[in-house]
Amino acid sequence: MRQIEQAAQALARILKRALGGDVDGALGMFDEAYQPLLGVGARVASALSEDQLLSLLTSGSTPDLRRVASTLRVVSADADLHARADRPAGAAARWRRALMLAGFLAGRSDGLLDRELAAGLAERAAGLDLTTPQRLALARVDEALGRYADAEDAVFEAIEQDPGELAPVEAGIAFYQRLLATDPDRLAAGGLPLEEVKAGLAELLRRRPVPERDEPA
């Protein structure tokens, strides 16, 4: 908790400086926000792959998802300030990273996900070039926000982007199976009626490869 509070205090100072008009100076302060959470500064944090970042945040037998939520806020703010400083490539890279963190959090702790921040990331995603894992992360975010039709679109975009991969199909099957336990009225409000959930699940089950059977000796 002390590390999370340190990061939150640092982020507040960064945003205050940016609001004062010194965006470049604010960007130079991000070491103060990343260090308590990751043990590394902003430059190293930006060089980490998404898997490495998540590994740092969730190592140990009882990972604290509050660190993931705190890091999500830091990375999102970092992205926003890069955009304000007219550094689009840096902003896009950080928004994609934030989307992965949000998807990870959405799949494990809906209560810790900042819904306003997540909604903003989902809107940003429309203008980003996403990898298959990032599209699946977007699907988890949309699902957590109750945007079931948008989540379905993201799942199928991931499948079409990597048609030879089984992982997106399995992720889609799991998505529909979770929705089967959701109240039908809530599904309809999210743009994906129960009958469409069942139809989508049936389609992906047909796409799942049948395991080969060993020939009898």
Side-chain angles (χ1 to χ4, degrees), residues 50-51 53-54 57-58 63 65-66 68-73 75-77 79-80 91-210:
E50 289 152 2
D51 287 342
L53 179 60
L54 283 170
L57 289 169
T58 59
L65 292 179
R66 291 173 297 181
V68 179
S70 184
T71 304
L72 169 59
R73 287 190 287 273
V75 175
S76 296
D80 290 343
R94 287 161 177 79
W95 277 323
R96 285 191 289 264
R97 180 164 300 181
L99 183 62
M100 287 294 288
L101 290 172
F104 180 89
L105 199 59
R108 290 160 179 81
S109 177
D110 185 54
L112 285 175
L113 182 67
D114 183 326
R115 298 179 71 82
E116 183 178 353
L117 187 156
L121 286 172
E123 295 300 322
R124 293 280 190 191
L128 299 176
D129 184 15
L130 301 179
T131 65
T132 298
Q134 289 161 356
R135 291 191 187 281
L136 293 176
L138 172 60
R140 289 307 299 248
V141 170
D142 280 328
E143 180 185 347
L145 295 172
R147 301 176 178 182
Y148 303 120
D150 290 341
E152 181 184 51
D153 289 343
V155 166
F156 275 92
E157 286 167 2
I159 292 171
E160 291 164 6
Q161 182 166 319
D162 241 334
E165 290 294 323
L166 180 59
V169 175
E170 293 293 348
I173 290 170
F175 161 70
Y176 285 123
Q177 289 173 334
R178 289 191 298 273
L179 293 195
L180 287 176
T182 302
D183 179 83
D185 290 339
R186 187 176 175 187
L187 290 175
L192 196 63
L194 181 58
E195 289 307 311
E196 292 186 20
V197 171
K198 293 178 179 178
L201 177 59
E203 178 180 345
L204 292 192
L205 287 173
R206 286 193 297 270
R207 294 194 188 193
R208 175 191 273 169
V210 178

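All values below were derived from every heavy atom in this structure, side-chain atoms included, with hydrogens, water molecules and symmetry-related copies excluded.
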Check your understanding: Would one find more than 12 heavy atoms of other residues, nucleotides or ligands at under 6.0 Å from atom CZ of R178?
Key -> yes
Practice item. Given side chain to side chain contact (heavy atoms under 4.5 Å, CB included), test I173 with R208 step by step and report yes or no. Key: CA-CA 9 Å; I173 290 170; R208 175 191 273 169; 3.6 Å; yes
Exercise for review: Evaluate the side-chain proximity of D150 to L145: yes if any heavy-atom separation is below 4.5 Å, no if none is.
Suggested key: no
**Study point:** Minimum-distance pair of heavy atoms, taken over all atoms of A144 and L113
**Key:** CB-CD2, 3.9 Å
Check your understanding: Are any non-hydrogen side-chain atoms of L201 and F175 less than 4.5 angstrom apart?
Key -> no
Practice item. Determine the minimum heavy-atom distance between S109 and L65, stating which atoms define it. Key: CB-CD1, 3.8 Å
Practice item. Report yes if the side chains of L112 and V68 come closer than 4.5 Å at any heavy-atom pair, otherwise no. Key: no
Study note, to complete from the structure: Separation between OG1 (T71) and CG (L57), nearest 0.5 Å, reads 4.0 Å
Revision key, fill the gap. Nearest heavy-atom approach of Q134 to D129 is OE1-O, 4.0 Å
Review point. Heavy-atom distance under 4.5 Å between the side chains of L179 and E143, does that happen here?
Key: yes
Point to revise | Atom pair CD (E157) and CD (E152), whose distance is rounded to the nearest 0.5 Å | key: 11.0 Å
Revision key, fill the gap. When every non-hydrogen atom of L117 is compared with those of S76, the smallest separation belongs to CD2-OG, 3.4 Å
**Study point:** Presence of salt bridge, E203 and R206, under 4.0 angstrom
**Key:** no
Ignoring hydrogens and angles, write down the donor-acceptor pairs under 3.5 Å from the side chains of residues 189-200, residues two or more places apart or on other chains.
none

Check your understanding: So, for L121 and A102, which heavy atoms are closest and what is the spacing to 0.1 Å?
Key -> CD1-CB, 4.0 Å
Review point. Which heavy atom in R147 sits nearest to a heavy atom in A122, and how many Å separate them?
Key: NH1-CB, 3.8 Å
Point to revise | Any side-chain heavy-atom pair of V75 and L101 under 4.5 Å | key: yes
Check your understanding: So how far is it from D142 CG to L138 CG, rounded to the nearest 0.5 Å?
Key -> 4.5 Å
Review point. Got L204 and F156 here, is their nearest side-chain heavy-atom distance under 4.5 Å?
Key: yes
Practice item. Supply the atom-to-atom distance M100 CE to L72 CG, rounded to the nearest 0.5 angstrom. Key: 12.5 Å
Practice item. Measure the spacing between CG of D80 and CZ of R94 and express it to the nearest 0.5 Å. Key: 11.5 Å
Exercise for review: Find out whether L130 and L99 are in side-chain contact, i.e. whether some heavy atom of one side chain is under 4.5 Å from a heavy atom of the other.
Suggested key: yes
**Study point:** Ion pair E160/R207, N-O distance below 4.0 Å
**Key:** no
**Study point:** Rounded distance [0.5 Å steps], CZ in F104 versus CG in L53
**Key:** 10.0 Å
